[in-house]
Q: 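One structure follows; several queries about it will come next.
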Amino acid sequence: MKVEASKCSHIPSLMAMPASRILTIDAARQRDEESGKTASPTSEKLHDGKPEGRFPLTRWEFVAALTIFMLFGVGLLSIYVTMPEAEYEILKLPHSIPDLRLLKDQLANYTRDYTAQFILGYCATYIFMQTFMIPGTIFLSLLAGALFGVTKGLALVLFTATAGASSCYFLSKLIGRPIVFWLWPERLRFFRAQVAQRRERLLNYMLFLRITPTLPNTFINLASPIVDVPYRIFFFATLFGLIPATYITVRAGLALSELRSVADLYDFKTLAVLFFIGFVFVAPTIVSRKQTHE
């Protein structure tokens with residue numbers, strides 16, 4: 001009887017073991033749920049390459065972005081208002097090659113009579129579009145070639161493209177980090193790794209990116225300050241790296257009647273030339289890395 005009593009005394013402890021485990025599991029789940037609720041937007045899980053969750057900007061960041069956009073917009077509108085009178089339907093952004101041909105014919109006399117005012121409006125529009133990643137600047141580059149020729153058109157587009165890219169660079173440095181992490185997390189990791197590997201010859205690598213279509217220019221403008229590309233290197237890589245592609249685009253503006261679409265600008269031969277020029281600049285980096293490993 002004593003043996004049976006001792007056995008029975010162990011029964012409550014055996015029954016309590018599963019209950020304690022259940023309580024432990026429930027507590028762990030509760031901690032996981034609480035930590036998941038307080039997780040920051042940058043620590044959210046990725047789904048199809050993008051983090052799940054709310055819009056990446058905080059309320060104040062969104063207000064700052066909207067304020068900057070409004071200031072740029074007011075400045076652009078002020079320039080338009082002070083320009084000499086014209087039929088406002090001709091002052092619209094082209095969305096196709098036929099629209100560009102029509103706009104070129106309508107602006108030919110206006111540009112000749114009010115050259116300085118037109119250039120001011122052109123520069124303001126190009127920089128505004130480049131700053132806020134509005135597509136269509138390639139049509140403005142073609143228009144510059146059609147109206148001013150290769151030399152003046154090339155200088156005008158290089159100035160506005162570099163100024164717009166610089167404006168986008170500083171805007172991204174201010175509020176762009178969460179947007180880039182939200183839109184291109186994988187591409188940003190790749191870019192950060194490449195920049196870290198080529199830190200000693202970073203200008204060569206940035207020139208290669210600007211000359212070739214390896215990465216979109218919009219992404220380069222936004223991501224460069226986030227991966228710690230110095231502005232000095234960003235500026236010179238943009239100014240000189242855009243020359244080949246800009247020359248091709250501006251020169252094509254002289255023959256708008258023969259151009260059917262924007263895709264005709266960059267055929268296989270043109271892309272091959274751009275990559276060849278790009279590899280000329282990146283070759284010293286590859287050679288130095290090989291010598292280091294040896």
Q: Quick one about S167 and T131 (side-chain donor to acceptor, distance below 3.5 Å, no hydrogens or angles considered), yes or no?
A: yes
Q: In terms of heavy-atom contacts, does CZ of R187 have more than 12 from other residues, nucleotides or ligands at under 6.0 Å?
A: yes
Q: Using only atom types and a distance under 3.5 Å, with no angle test, would you say the side chain of S172 pairs donor to acceptor with the backbone of C168?
A: no
Q: Do the side chains of D99 and L93 get nearer than 4.5 Å, heavy atoms only?
A: no
Q: Ring centres under 6.0 Å, that's the criterion: do F69 and F62 meet it?
A: no
Q: Taking everything shown except F276 itself, do over 12 heavy atoms lie less than 6.0 Å from its CZ?
A: no
Q: Taking it one step at a time, do I138 and L265 satisfy side-chain contact (heavy atoms from CB on, under 4.5 Å)?
A: CA-CA 10 Å; I138 190 169; L265 291 173; 3.7 Å; yes
Q: Counting only heavy atoms not in R232, do more than 12 sit closer than 6.0 Å to its CZ atom?
A: no
Q: For the residue pair R210 and F240, would you count it as a cation-pi contact if the rule is NZ or CZ under 6.0 angstrom from the ring centre and within 45 degrees of the ring axis?
A: no
Q: Could you check whether N204 and R198, counting side-chain N and O atoms only, form a donor-acceptor pair closer than 3.5 Å?
A: no
Q: What I want to check is whether the side chains of D267 and T270 have a donor and an acceptor closer together than 3.5 Å.
A: yes
Q: How about F191 and F219: are their ring centroids closer than 6.0 Å?
A: yes
Q: May I ask you to decide if the ring planes of F118 and Y110 are parallel, tilted or perpendicular, using 30° and 60° as cut-offs?
A: perpendicular
Q: Would you say Q197's side chain and Q194's backbone share a donor-acceptor pair under 3.5 angstrom?
A: no
Q: Taking the ring centre of each residue, are F159 and Y126 less than 6.0 Å apart?
A: no
Q: Taking V157's backbone N and O only, do any of them form a donor-acceptor pair with T160's side chain (distance below 3.5 Å, no angle check)?
A: yes
Q: More than 12 heavy atoms of other residues, nucleotides or ligands under 6.0 Å from CZ of F190: is that the case?
A: no
Q: Do the rings of Y231 and Y169 sit parallel, tilted or perpendicular, given the 30° and 60° boundaries?
A: tilted
